[in-house]
Amino acid sequence: MNNQPILEVKNLKVNFDVSSEGDMPWTKAKKLQAVNDISFSLSAGETLGVVGESGCGKSTLARAIVKMVPAEAGEVIWLGNDLLGLSHSETRPYRKQIQMIFQDPLASLNPRMNIGEIIAEPLRTHYPKTPEADVQARVIDVMNKVGLLDNLMNRYPHEFSGGQCQRIGIARALILKPKLIICDEPVSALDVSIQAQVVNLLMDLQEEMKLALIFIAHDLSVVKHISTKIMVLYLGNMVELAKSDDIYKSPSHPYTQALISAVPIPDPNVEKNKDLILIEGDLPSPINPPSGCVFRTRCQKAQEVCALEKPEFKGIAQDHSVACHFHD
Amino acid sequence: MSLIDVKNLKVEFETADGIVSAVNNVNFSMDEGKILAIVGESGSGKSQTVFGMTGLLDHNGSATGSVKFEGKEILNLSNQKLNQIRAEKIAMIFQDPMTSLNPYVRVSEQMTEVLIHHQGVSKSDALKQSISMLDAVRIPDASNRIRMYPHEFSGGMRQRVMIAMSLLCHPKLLIADEPTTALDVTVQAQIMKLLADLQKDFGMSIILITHDLGVVAGSSDDMLVMYGGEIMEIGKTENIYASPTHPYTQGLMSAVPRLDDSEERLVTIPGNPPNMMKAPEGCPFAPRCNYSIDKCNSESPILVKASNDDHFRACHVSKEKIL
């Protein structure tokens, strides 16, 4: 594996302006910190899993990396260039190297285009001068790669099942031969038997094409299966980052521990006898996050210092970092 | 006597494109105080089975067969009689609590309505009982929060409100249709723990419909695996997990990655779920099954004993060949 990272994200911050009901037009909008101070690096052939509850900023992080939402601060260094500093047209050459796959397979495909057109669209956009015969050949090639029969090319998205639509989305992402694919909940809408097919497909393609993946999902079992390292987010903040086996075997942050204990294991002997760490209460509002450590309001280990001081995100072992004053 | 006894239940829908048979020959019975899980992928007929049982099918659907609840036939009773049963004996909660609650009406009113309408209690008594029920499902500060509107609660709290509402009349049976699918894992863990506690406190039975094999493992006594509208396997949860005897159950179990295990590669079930418009002649799983023989495509297998302790399977291929 090549150790030179292809993507480095440093202190990335994304804020949204939110105005609440009843605000006057001149009232200053409140800041919602959707993504706060996130840093990581990714090498070719690696998979970074991103997990967390809904509203923790997983998708915003993905969108900020490809500049679909503007970042407030930080750097996204792609092969040595900071993408955030580039203008729209300067970013364009890099866009074909980073592609995305989305959660709802049907909603992310244009219902009025047949799938041949859908899959070819990125190619036609980024390389408009490609001869038609080459486009067709490339479409057939990627369709075969993702396990779709090429005689289906003239069909429309509604004629396909959810799993097949997700394959179409993957084919569209692959046609530009990207170096990184960001998968935003790619299997959450699929049945388990289909989910396994798509996960295997992604892993095979990664092996074959030396792809880097950012895999966002809320299902920790799937994320652990596919990822080389896992980042746990809570309320827009990184709470833990480690190799995927380490996250499971020695979770150090109380939130990671609770998250792991909440994942049901499909084995009655294990599941009925396990010690469940329940997190009480609800996710605090991201508009008004708790002072100090963001998790302290629901944390069993919280003490005074947690409210006063934000814990530093620091390494505790090789490739294992955590943000907690009282980590294990 | 079993609490509920379902015999040869069939559910069909008349659509513009022809008749869709969503549930075929479903037979099971359930004892009091148990949790039965119905497991299957989308379109397997798990929800339509209970909708058919309780008379909640869409207007174009029809159910035939027999459903005995506490020894009395309830299938296709008049709506008036069913309303009585559904309110006082059988309660239901659904996947998305927001769509089951009226967004314009305060929670207090939605809850007290149940008691006033079905049990004729006074308004103040109904309010008292509703508050204590919200306490029972562990909503903090229940006496104040009951005055709130549904949107003021988080997803997990809304599901608690739904559970509280369904328990107001102390039902014998609670049907939970994917109660945690829309929730985060941490909240799912809270809700499943709550359901297990309430089941003991109230001494009720639960039918849990889910596609999540982890949830089934943690909470149910018995389970029923459905595919293509038919029961593939039924038995005690422990036994089925320890030795699944149906190729579909086996496929399903090995397709889920486990957090406590690292497998190189997930085992997949090839192909796609069946199209119920043209229900297959034989076993619905035959086109995707690695073990299928000629008979599977022509003759639908019936449930036969797989071992002692009430473990049944519907498969033409012998158990020894599959294990």
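Because the structure is predicted, anything quoted here is derived from the model rather than measured.
Contact annotation for A:D204: only side-chain heavy atoms (C-beta onward) come within less than 4.5 Å of a heavy atom of chain B. Using a 4.5 Å cut-off between heavy atoms, B:Q188 touches chain A through its side chain atoms alone. In this structure, no portion of B:S254 lies under 4.5 Å from any heavy atom of chain A. Contacts of A:S54 with chain B are made by both backbone and side-chain atoms, with heavy-atom separations under 4.5 Å. With a 4.5 Å cut-off on non-hydrogen atoms, B:P270 touches chain A through its backbone but not through its side chain. With a threshold of 4.5 angstrom between heavy atoms, A:I279 approaches chain B through its backbone and through its side chain. At a 4.5 Å heavy-atom cutoff, the contact between B:R288 and chain A is made by side-chain atoms alone. For B:V185, the parts lying near chain A are the backbone and the side chain together; criterion is any non-hydrogen pair under 4.5 Å. For B:M157, the part lying under 4.5 angstrom from a heavy atom of chain A is the side chain only. For chain B, the nearby part of A:L276 is the side chain; its heavy atoms alone come within less than 4.5 Å. Contacts between A:D219 and chain B at a heavy-atom distance below 4.5 Å are absent for every atom of the residue. A:L283 does not touch chain B: none of its heavy atoms, backbone or side chain, sits under 4.5 Å away. Using a 4.5 Å cut-off between heavy atoms, A:V192 touches chain B through backbone and side chain atoms alike.
Looking only at distances, no side-chain donor or acceptor of A:Q195 sits under 3.5 Å from a matching main-chain atom of B:V256. In this structure a side-chain-to-backbone donor-acceptor pair under 3.5 Å is missing from A:D267 to B:Y241.
Within the model, atoms CG of B:L259 and OG of A:S244 stand 10.0 Å from one another, a figure rounded to the nearest 0.5 Å.
Ranking B:S220, B:G155, B:G218, B:A196 against chain A, the residue ahead of the rest is B:G218, based on heavy-atom pairs under 4.5 Å. Top candidate by heavy-atom pairs under 4.5 Å with chain A, chosen from B:M253, B:R258, B:K193, B:E41, is B:E41.
The shortest heavy-atom contact between A:A262 and B:A189 is CB-CB, 3.9 Å.
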Check the pair B:L266, A:M203 against side chain to side chain contact (heavy atoms under 4.5 Å, CB included), reporting the backbone distance first and the verdict last.
CA-CA 10 Å; B:L266 297 177; A:M203 291 178 86; over 6 Å; no
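At least one side-chain heavy atom of B:D260 sits under 4.5 Å from a side-chain heavy atom of A:V270.
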